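Just so we're on the same page: letters track the sequence lines, and every chain starts at 1. Computed from a predicted structure; not experimentally measured.
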Number of protein chains: 2
Amino acid sequence: MQEGAQVIAGVQGAMSPQQLIGALVKKGELTDPASPRGRLLNAAARLFEQKGFSRTTVRDLAAEVGILSGSIFHHFSSKEQILCEVMKEVTIFASARMRSAVEQAASPQEKLRACIQSELEAIHERAVPGFSILVMEWRSLSDKSQKEVLLLRDEYEQIWLDAINSAHCPGGDATVVRRLMVGALSHTYSWFKVRENGLTIPELTDRAYQIFAPKI
Amino acid sequence: MQEGAQVIAGVQGAMSPQQLIGALVKKGELTDPASPRGRLLNAAARLFEQKGFSRTTVRDLAAEVGILSGSIFHHFSSKEQILCEVMKEVTIFASARMRSAVEQAASPQEKLRACIQSELEAIHERAVPGFSILVMEWRSLSDKSQKEVLLLRDEYEQIWLDAINSAHCPGGDATVVRRLMVGALSHTYSWFKVRENGLTIPELTDRAYQIFAPKI
DNA sequence: TTGAATACCAAGCGCTTGCTTGGTAGCGTT
DNA sequence: AACGCTACCAAGCAAGCGCTTGGTATTCAA
């Protein structure tokens, strides 16, 4: 059993989101989504993403999980701490997801494409609920919390930078390219809808790849 | 003198922001920034951009122009209306600015480059204070206000779409390309700083152009 | 000289906000 | 049976919020 899980973990791309979450929970890197704290974090991720951090009240959040607002502060010390914890867990999960997607890809070009698709899936599928919060609500965090999240964020960005460098994208150094790309991709949250019978995520990935990847 | 101004207006790219604002005020399209209402709108644009709409209180805004909070509602019916008016005036000004920049450019490629540079200047120079609000605070507007702003926004976007189409950018239809671009460019607000002795705006324009324009 | 319009003050209302406090029900351990 | 721990409720506080009301000083046209 353990060995079987190891094998599956080796080909992580084949892991379902639930499997990946389970593995990360076991390692103690994520909060169990079935626990009271975990349910609060998931609900907060959804609400902060839908309505924005400052337009979400602790009463909204409490109602979402079926408790009273005061009870939230048995699990968290402040509303801002909830945002911080959400961002940290979202980052950890998105990193693990993208790393496994990149590992599955063979060529540098495919790795870059995997990054793009992984981030788009994180934003639009249920893959990583709350991912867009990372960009949209950054200013709602205190300086102290920003530093905490940034430590985890660096891992995530390093995967991107490696992919961009290896693929030899145009537009100068990888940092600038990545920053332009994170803007382009995260902004899709406000206009791209999966359900409409228009663009699909793989198609949108293609468009972005055509733009950012080197044209031969 | 008047003729001289006319000549300069003909080559509108040479107009200073103050001249352009003056012309638009004369046409009744913008509020006079020297009027009480105009000073409130300018202060609101600065504050909403710096701190975000919901983190800016009417008391903050009142203090910024040196009046009491209640006096604001002599000029506006609600805080949200202020945001709406700011967005409308910002859009009108940015449209006029970009149109003149595009008219000055000769080739389709130069027109696209002019669009990119104009939008980056709008975001980062004092050129169009509050421009980033258009993207960042969109969700803070009511549906009704969104429609009002959208009418003006369409003009602005049409300039972009024409430029993208004429320049034959990769990445499929112009609408998607523009949407990826607006994300990339507006997100620069949170990482690009003019003062640092790093990238300049023309240099950043080049990077973005290299990415989005067709490579030969 | 009067009257209307503009721009603002002074005071505060009603509501919502994040958060606190004191207490309790359920549960597993000893 | 007694304990301690977790998870929660019930009630509400203090502060801050957008906004209202009634009144005043200044300006300018009639």
Side-chain angles (χ1 to χ4, degrees), chain A residues 25 28 30-87 133 137 139-146, chain B residues 25 28 30-87 133 137 139-146:
Chain A
V25 169
L30 284 190
T31 304
D32 182 358
S35 70
R37 181 190 163 96
R39 281 187 293 125
L40 275 169
L41 287 174
N42 277 335
R46 281 200 310 274
L47 289 174
F48 293 166
E49 191 160 62
Q50 281 169 26
K51 319 204 305 173
F53 176 70
S54 59
R55 279 179 294 275
T56 302
T57 69
V58 292
R59 284 167 178 82
D60 292 336
L61 178 53
E64 193 77 4
V65 301
I67 61 175
L68 293 187
S69 65
S71 306
I72 287 179
F73 299 92
H74 176 71
H75 302 279
F76 301 96
S77 65
S78 71
K79 186 189 172 191
E80 196 233 319
Q81 199 215 337
I82 301 177
L83 177 62
C84 180
E85 295 297 319
V86 165
M87 284 191 175
I133 299 173
E137 300 296 345
R139 289 194 302 173
S140 300
L141 278 184
S142 67
D143 289 357
K144 193 169 157 295
S145 298
Q146 283 190 6
Chain B
V25 169
L30 284 190
T31 304
D32 183 358
S35 71
R37 181 191 163 95
R39 280 187 292 123
L40 275 169
L41 287 175
N42 277 335
R46 281 200 309 275
L47 289 174
F48 292 165
E49 192 159 62
Q50 281 170 26
K51 318 205 305 171
F53 175 70
S54 58
R55 281 178 294 275
T56 303
T57 69
V58 293
R59 286 167 176 84
D60 291 336
L61 178 53
E64 192 77 4
V65 301
I67 62 176
L68 292 189
S69 66
S71 306
I72 286 179
F73 299 92
H74 178 70
H75 302 279
F76 301 95
S77 66
S78 70
K79 186 189 170 190
E80 197 234 318
Q81 198 215 339
I82 301 176
L83 177 61
C84 180
E85 296 296 318
V86 165
M87 283 191 175
I133 299 173
E137 300 295 345
R139 289 194 302 173
S140 300
L141 277 185
S142 67
D143 290 357
K144 193 169 157 294
S145 297
Q146 282 189 6

Can you work out whether A:T57 or A:G70 has the more 5'-proximal nearest nucleotide on DNA chain C?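 Here A:T57 is the residue nearer the 5' end.
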
Could you tell me the separation between the [atom1] atom of [X] and the [atom2] atom of [N], rounded to a whole number of Å?
X     : N      : atom1 : atom2 : answer
B:R59 : D:dG16 : CZ    : P     : 10 Å
A:H75 : C:dG18 : NE2   : C1'   : 17 Å
A:F53 : C:dG18 : CZ    : C1'   : 10 Å
A:D32 : D:dA7  : CG    : P     : 11 Å
B:I72 : C:dT6  : CD1   : P     : 19 Å
B:I67 : C:dC8  : CD1   : P     : 6 Å
A:H74 : C:dG23 : NE2   : P     : 17 Å

Out of C:dA7, C:dT17, C:dC9, whichever nucleotide has its closest atom nearest the side chain of B:L68: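 So the nucleotide nearest the side chain must be C:dC9.
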
Considering only side-chain heavy atoms of A:F73, which listed nucleotide, C:dC8, C:dG18, D:dT20, is closest?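 Shortest atom-to-atom distance from the side chain points to C:dG18.
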
Under 4.0 Å from OP1 or OP2 of D:dA7: is there any side-chain N or O of A:S71 that close?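 Checking D:dA7 against A:S71, no side-chain N or O comes under 4.0 Å of OP1 or OP2.
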
Could you pull out the closest heavy-atom pair between A:S54 and A:K79, with the gap in Å?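 Looks like CA-NZ, 3.9 Å.
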
With sugar-phosphate meaning primed atoms plus P, OP1 and OP2, does B:S69 contact a base, only sugar-phosphate, or nothing at under 4.0 Å between heavy atoms?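 Contact class for B:S69: base.
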
With heavy atoms under 4.0 Å as the rule, sort B:T56 into base, sugar-phosphate or nothing.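 The answer is sugar-phosphate, as B:T56 gets under 4.0 Å only of primed atoms, P, OP1 or OP2.
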
